[in-house]
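Below is one structure; the comments refer to it alone.
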Amino acid sequence: MGLTISIATLIVGFVIGYMGQRSGLCIIGGIRNFYLTRDTYLLKGVLAIIIVAGAGFIVTSLVGGPAQDFPAFSEGISEVGSLYNACKDPLNINNNTNNTNILSYIFLSLLGGLGLGIFSVLAIGCPFRQHVRTSEGDKGSFAYIIGFYLAALVFGFTIKPMITIIFGV
Amino acid sequence: MKITPTLTGATIGFLAVIMQWLFGASGPQAYGICIACHTRDMLGWIVNTFTATSLIDVTRIGYSAPLLTVLGVLLGAHFSAIRHNEFVPKKREGGNIRMFILGFLVMISALIIAACPIRLLIRIAYGDLLAIFGAMWMIVGVIIGIMILRRFTSWG
């Protein structure tokens with residue numbers, strides 16, 4: 001099971017990396033280009049992700065697939081909070097059930113969303129695009145993903161405990 | 001066949017659903033493809049395995065096996081770049097430290113909202129209200145970032 005998952009993610013990454021290099025798809029770039037010049041070339045890719053994934057989840061939930069609690073909003077606001085928590089408290093140590101501190105989730109979504117937008121535009125590309133550019137030999141993007149990987153480790157040690165203390169989520 | 005952004009986006013959406021199906025009940029919801037979270041899970045798995053601890057919190061699926069999505073993206077894009085003669089080692093003037101800091105800040109933001117831009121879209125497709133709210137603020141952030149680029153910087 002474990003090895004299957006690793007190989008599957010590697011293949012999926014390879015396919016989207018290959019296609020990303022051919023097409024230059026960038027989520028942030030799509031939004032930015034549309035705002036600046038009303039150019040929809042990259043924005044179509046952004047919308048395609050939402051439409052195809054949404055259609056796929058509807059199909060898998062209809063045939064009784066593994067799309068648990070789909071759509072998320074039908075389970076109410078606490079379930080949406082636990083969807084956020086699935087990544088933050090993934091081993092489900094706190095059992096996620098009595099955690100309905102929705103104002104904290106809203107504030108953290110605001111903070112993270114703003115940060116994603118501002119810093120990604122300043123870096124001229126979303127994380128996916130930076131990985132593709134690194135593979136094309138861009139040394140600036142290589143520096144970017146080194147910082148990106150370092151932050152993943154730093155976050156677990158420092159910022160996540162701080163968020164838990166301040167927001168109780 | 002020309003690979004357009006639309007086709008790439010559709011493939012990402014399709015593969016996210018397939019991966020969600022493969023992860024099954026042990027994966028978080030809307031977790032098929034994520035550049036930030038899968039990176040965190042992969043690095044966390046390495047640290048946890050080689051120190052025989054659980055220092056880094058990872059998802060249940062990332063606990064059982066390393067998620068190699070980002071490695072695949074690097075390899076796939078590199079294969080494509082080599083194949084189409086688009087691999088050009090290039091430097092951005094004085095930008096390495098700036099890019100390092102920006103990469104750091106983007107990852108922190110992504111882990112706070114629990115999504116990279118791609119997973120944010122997948123979460124929207126999953127019907128996650130927080131993701132819709134977060135994406136609205138991401139668009140606001142993009143507009144603020146463009147203003148900062150125009151007013152205060154020279155690299156835009």
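Note: hydrogens, waters and symmetry copies are ignored here, and every other heavy atom, side chains too, is used. Throughout, protein chains are lettered first and strands after them, A, B, ... in sequence-line order, and every chain is numbered starting at 1. Note that the structure is predicted; figures quoted are calculated from it, not measured.
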Just so I understand: if I count every heavy-atom pair under 4.5 Å between each of B:Met147, B:Arg83, B:Lys2 and chain A, which residue has the most?
B:Arg83
Where on A:Val154 is there a heavy atom nearer than 4.5 Å to chain B: the side chain, the backbone, both, or neither?
side chain
Given side chains that start at C-beta, do those of A:His131 and B:Ile35 come closer than 4.5 Å, heavy atoms only?
yes
Which bit of A:Phe157 is near chain B, if near means a heavy-atom gap under 4.5 Å: side chain, backbone, both or neither?
side chain
Does the side chain of A:Cys126 come within less than 4.5 Å of B:Ile118's, by heavy atoms?
no
Is there side-chain contact between B:Thr4 and A:Lys44, with heavy atoms separated by less than 4.5 Å?
no
Flag side-chain contact, heavy atom, 4.5 Å: B:Ile113 against A:Leu111
no
Do A:Ser135 side-chain atoms and B:Leu74 backbone N/O form a donor-acceptor pair below 3.5 Å?
yes
What part of A:Ile49 gets within 4.5 angstrom of chain B, counting heavy atoms only: side chain, backbone, both, or neither?
both
To check you understand the geometry: which heavy-atom pair defines the closest contact between B:Val106 and A:Pro127, and what is its length?
CG1-CG, 3.9 Å
pair B:Met99-A:Ile146: side-chain heavy atoms closer than 4.5 Å
no
Among A:Phe148, A:Tyr149, A:Phe128, A:Tyr41, the residue with the most heavy-atom pairs under 4.5 Å to chain B is A:Phe148
Here's a test for you: under side chain to side chain contact (heavy atoms under 4.5 Å, CB included), which of B:Ile3, B:Leu7, B:Thr8 qualifies with A:Arg22?
B:Ile3
